[in-house]
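Beneath this line is the structure, given in structure tokens, with notes to follow.
Given the structure is predicted, the values throughout are model-derived calculations rather than measurements.
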Amino acid sequence: MLDGEIDTLHFDEAWLPHASFHDFYKDMHAIGKDRPRAKQSMIFSTQSTHKLLAGLSQASQILVHESETVKLDRDSFNEAYLMHISTSPQYAIIASCDIAAAMMEPPGGTALVEESILEALDFRRAMKKIDQEWGLDWWFQVWGPDNFSEDGIGSRDDWMIRAEDDWHGFGKLAEGFNMLDPIKATIVTPGLSLDGVFGETGIPASIVTKYLAEHGVIVEKAGLYSFFIMFTIGITKGRWNTLLTALQQFKDDYDKNQPLWRILPEFAAANPRYERTGLKDLSQQIHDMYKSYDVARLTTEMYLSDMLPAMKPSDAFAKMAHRDIDRVPIDELEGRVTSILLTPYPPGIPLLIPGERFNKTIVDYLKFARDFNEKFPGFETDVHGLVNTEVDGVKGYFVDCVRQ
């Protein structure tokens with residue numbers, strides 16, 4: 001549909017380098033082995049080899065599919081590429097890309113991807129079984145379709161996201177266009193419904209991930225009431241069973257309201273104020289603060305609010321580089337022009353870029369982040385660009401803005 005309408009199509013497939021090695025993902029990725037070339041548009045795909053294949057950290061690749069009429073100008077491409085890389089390349093990373101590619105040669109590569117899918121589905125089935133047998137009052141849910149094959153890989157049709165389904169919350173979607181990758185498991189904690197309504201009680205994901213980390217399980221990413229794990233190549237039943245056991249132990253400790261000094265000794269030692277606080281009590285305290293600020297609505301509305309550009313991003317960044325800036329406290333930010341990239345985590349998506357003005361909704365979110373961080377140290381809301389420092393003898397939270 002876009003062929004010829006735009007010179008180049010760039011697909012960000014950072015989390016999808018495994019897709020071309022198994023028919024489960026057929027036609028759901030940018031460049032396929034037997035895919036016909038576009039007539040005019042060139043197709044680029046960038047993939048993070050280190051995320052889902054066997055590459056060292058930072059290992060990634062750029063794939064190019066030339067059109068029938070336009071060939072890649074390798075010299076121009078190389079010039080642009082060299083502008084953004086080191087003159088001292090890390091050859092171990094480059095070698096790991098070669099090794100990863102060799103590993104994925106069929107039939108071995110196909111088997112590795114299939115094993116990842118099978119392990120992910122077994123984990124999802126195990127979570128459903130625990131919910132049915134043990135989680136009568138509450139249990140963690142794995143985001144995804146309610147019904148899928150009871151054994152093996154089953155049909156990929158089970159994982160298509162349809163507009164009429166009520167499990168995903170995306171609303172109207174094009175038919176046959178979106179699919180959930182089963183190896184990416186989002187675990188949902190109690191406390192927040194799909195439509196953004198807070199429950200009377202809740203278990204914020206930050207507490208669960210803190211608990212898991214102290215029990216030897218590091219999650220990929222965390223939101224307000226969900227966290228994300230991946231069944232990459234090499235994940236075995238033994239490894240995901242460790243996660244399952246830790247989640248069951250969390251439920252037991254939560255239901256008994258165990259004090260943090262007993263179940264999270266390292267965290268309690270670093271944050272003595274929580275030593276005698278029960279796990280259930282602390283979960284409820286954080287949940288109540290999320291609820292009082294209606295933070296789920298706030299974090300949605302701030303991305304939908306008007307972003308008013310005041311100057312070119314390059315000019316605003318240059319102001320920061322030349323220190324032609326003011327370090328502005330949160331309460332005085334509305335209407336000011338940022339010189340930095342403001343990125344809250346979660347969700348880890350840039351909210352303001354240099355040159356845009358702060359509006360009330362964004363300032364309200366930063367006030368929440370400040371109040372939350374002061375009340376719950378150790379669970380800080382991370383906002384890249386928000387600086388906790390002392391200016392003119394006053395301690396507080398500041399953002400670097402273009403000098404007025």
Side-chain angles (χ1 to χ4, degrees), residues 127 130-131 134-141 187-193 197-229 241-296 298-299 330 344-346 365-383 386-390 395-397:
M127 290 289 284
I130 292 173
D131 191 22
W134 195 59
L136 294 177
D137 47 352
W138 71 270
W139 178 241
F140 302 100
Q141 303 300 310
I187 297 175
V188 182
T189 65
L192 184 67
S193 69
V197 177
F198 285 92
E200 286 301 312
T201 61
I203 305 174
S206 57
I207 292 182
V208 184
T209 56
K210 196 80 68 178
Y211 184 97
L212 290 175
E214 199 150 326
H215 288 75
V217 179
I218 307 300
V219 306
E220 183 68 37
K221 293 182 181 297
L224 293 173
Y225 290 86
S226 65
F227 58 93
F228 177 58
I229 59 170
N241 250 328
T242 302
L243 169 62
L244 213 60
T245 302
L247 290 175
Q248 289 174 300
Q249 187 62 55
F250 178 95
K251 175 172 167 52
D252 188 55
D253 289 339
Y254 173 88
D255 291 342
K256 293 175 180 175
N257 200 22
Q258 293 278 19
L260 261 64
W261 67 264
R262 179 174 292 159
I263 57 171
L264 294 174
E266 291 180 22
F267 177 73
N271 300 274
R273 65 190 296 165
Y274 301 120
E275 273 186 348
R276 300 192 178 280
T277 305
L279 181 60
K280 189 173 187 176
D281 293 336
L282 181 58
S283 298
Q284 192 61 35
Q285 289 169 22
I286 295 179
H287 174 74
D288 287 342
M289 189 163 187
Y290 283 169
K291 189 175 180 179
S292 66
Y293 276 85
D294 201 3
V295 72
L298 189 58
T299 52
I330 289 175
Y345 180 86
Y365 174 78
L366 295 181
K367 289 177 180 177
F368 156 75
R370 174 190 63 197
D371 297 345
F372 182 85
N373 291 356
E374 289 173 353
K375 189 169 182 179
F376 296 105
F379 294 97
E380 287 87 356
T381 296
D382 184 24
V383 183
L386 185 63
V387 181
N388 184 8
T389 188
E390 182 177 316
K395 288 186 176 180
Y397 287 85

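Taking 4.5 Å as the limit, some side-chain heavy atom of I229 sits within range of a side-chain heavy atom of I187. Side-chain atoms of S292 and F198, non-hydrogen and from C-beta on, never get closer than 4.5 Å to each other. Between L386 and I330 there is a side-chain heavy-atom pair separated by less than 4.5 Å. The side-chain heavy atoms of F228 and V219, taken from C-beta on, include no pair separated by under 4.5 Å. Annotation: side chain of T381 is not in contact with side chain of Y345 (no heavy-atom distance under 4.5 Å). When side chains are defined from C-beta on, F267 does not count as touching Y211, because their heavy atoms never get closer than 4.5 Å. Contact of the I218 side chain with the L212 side chain is not registered, since no non-hydrogen atoms from C-beta on lie closer than 4.5 Å. Inter-residue side-chain proximity for T389 and K395 is flagged as unmet; no heavy-atom pair is nearer than 4.5 Å.
Classification of K375 and D371 as a salt-bridged pair fails, no side-chain N sitting under 4.0 Å from a carboxylate O.
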- Might you work through the salt bridge (charged side-chain N to carboxylate O under 4.0 Å, His left out) test for E266 and K210, ending with a clear yes or no? CA-CA 10 Å; E266 291 180 22; K210 196 80 68 178; over 6 Å; no

- Please walk me through it: do T277 and Q285 pass side-chain contact (heavy atoms from CB on, under 4.5 Å)? CA-CA 10 Å; T277 305; Q285 289 169 22; 4.3 Å; yes

- salt bridge (charged side-chain N to carboxylate O under 4.0 Å, His left out) assessment of D137 paired with K251: CA-CA 10 Å; D137 47 352; K251 175 172 167 52; 2.8 Å; yes

- Query: Where do L224 and Y290 land on the side-chain contact (heavy atoms from CB on, under 4.5 Å) test, with the steps shown first?
  - Reply: CA-CA 9 Å; L224 293 173; Y290 283 169; 3.9 Å; yes

- Task: Please assess K280 against D255 for the test side-chain contact (heavy atoms from CB on, under 4.5 Å), listing each intermediate value before the final yes or no.
- Result: CA-CA 7 Å; K280 189 173 187 176; D255 291 342; 5.5 Å; no

- Query: Stepwise, does the side-chain contact (heavy atoms from CB on, under 4.5 Å) test hold for R273 with F376?
  - Reply: CA-CA 10 Å; R273 65 190 296 165; F376 296 105; over 6 Å; no

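Heavy atoms of other residues, nucleotides or ligands lying less than 6.0 angstrom from CD of E390 number more than 12. Summarising the local packing, CZ of R276 is surrounded by 12 or fewer heavy atoms from other residues, nucleotides or ligands at distances under 6.0 Å.
In terms of heavy-atom proximity, H287 sits nearest to P204 at N-CG, 3.9 Å. The two residues N271 and P377 come nearest to each other via the heavy atoms OD1-O, 3.7 Å. Heavy-atom minimum distance, A205 versus T189: N-OG1, 4.0 Å. Considering all non-hydrogen atoms of both residues, P190 and W138 come closest at CG-CE3, 3.6 Å. A pairwise comparison of heavy atoms in L264 and E214 identifies C-OE2, 3.0 Å as the closest pair. Pairing each heavy atom of S206 with each of F379, the nearest pair is OG-CD2, 3.9 Å.
Considering CG of L260 and CD of E275, their distance stands at 9.5 Å, rounded to 0.5 Å. Remark: L298 CG to K367 NZ distance equals 11.0 Å, nearest 0.5 Å. In this structure, CD1 on I207 lies 6.5 Å from CG on L279, to the nearest 0.5 angstrom. Separating the CG atom in D281 from the CG atom in N257 is a distance of 4.0 Å, to the nearest 0.5 Å. Considering CG of N388 and CG of N373, their distance stands at 8.0 Å, rounded to 0.5 Å. For the atom pair OH of Y397 and CZ of R370, the computed distance is 9.5 Å after rounding to the nearest 0.5 Å.
Aromatic pair Y293/F372: centroids not less than 6.0 angstrom apart. The aromatic ring centres of F250 and H215 sit 6.0 Å or more apart. Ring centers of W261 and Y274: at least 6.0 Å apart, outside the cut-off.
A donor atom on one side chain and an acceptor atom on the other are not found under 3.5 Å apart for Q248 and D252.
Looking only at distances, no side-chain donor or acceptor of Q258 sits under 3.5 Å from a matching main-chain atom of K256.
A cation-pi arrangement is absent between K221 and F227, since the terminal nitrogen or guanidinium carbon is not both under 6.0 Å from the aromatic centre and inside a 45° cone about the axis.
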